[in-house]
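A short write-up of the structure that comes next.
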Amino acid sequence: MRFVDWLQGFIGSETEVAVSGDIIIGTLTAVEESTVTLKVPPIIYGPPTDTAIIPLRSIEFVRIVSS
């Protein structure tokens, strides 16, 4: 099983994604061939919802917080 196929089973789960120098926390909304998409909490004075699109090659590790 490929990593992308495994990760698709966790769509809708709260997820932590580590990239160089940062950890992005949000709800996993999509897994594509080369990207992962998370719905992240809003920033103060920002839009009500934000989306983080993370290239797979930038990911150091993924932690599924809840499923």
- [ ] State, with a plain yes or no, whether a side-chain heavy atom of Thr37 is found less than 4.5 Å away from one of Thr51.
- [x] yes
Open item on the list: Quick one, Val17 and Phe61 - any side-chain contact, counting heavy atoms below 4.5 Å?
Closed with: no
TODO: Would you mind listing the cluster partners of Ile23? Hydrophobic ones only (ILVMFWY), side-chain contacts under 4.5 Å, chaining allowed.
DONE: Ile25
- [ ] For the pair Ser13 (side chain) and Phe10 (backbone), establish whether a donor and an acceptor sit closer than 3.5 Å, ignoring hydrogens and angles.
- [x] yes
TODO: Keeping the roles fixed (side chain from Thr27, backbone from Gly12), state whether a donor-acceptor pair exists under 3.5 Å.
DONE: no
TODO: Please answer: with hydrophobic residues joined when any side-chain heavy atoms are less than 4.5 Å apart, are Phe3 and Ile53 in the same cluster?
DONE: no
- [ ] Return the minimal non-hydrogen interatomic distance between Leu7 and Val36, and the atom names on each side.
- [x] CD2-CG2, 3.8 Å
Task: For the student: nearest non-hydrogen atoms of Leu38 and Thr29, plus distance - done: N-OG1, 4.1 Å
Open item on the list: Evaluate Arg2 against Glu33 for side-chain contact (heavy atoms from CB on, under 4.5 Å), listing each step before the verdict.
Closed with: CA-CA 10 Å; Arg2 297 179 322 141; Glu33 289 299 315; 3.1 Å; yes
Open item on the list: For residues 15-26, which residue pairs pass the side-chain hydrogen bond (donor to acceptor under 3.5 Å, both in side chains) check, not counting sequence neighbours?
Closed with: Glu16-Arg63
Task: Interatomic spacing from OG in Ser58 to CD1 in Ile24 - rounded to 0.5 Å - done: 9.0 Å
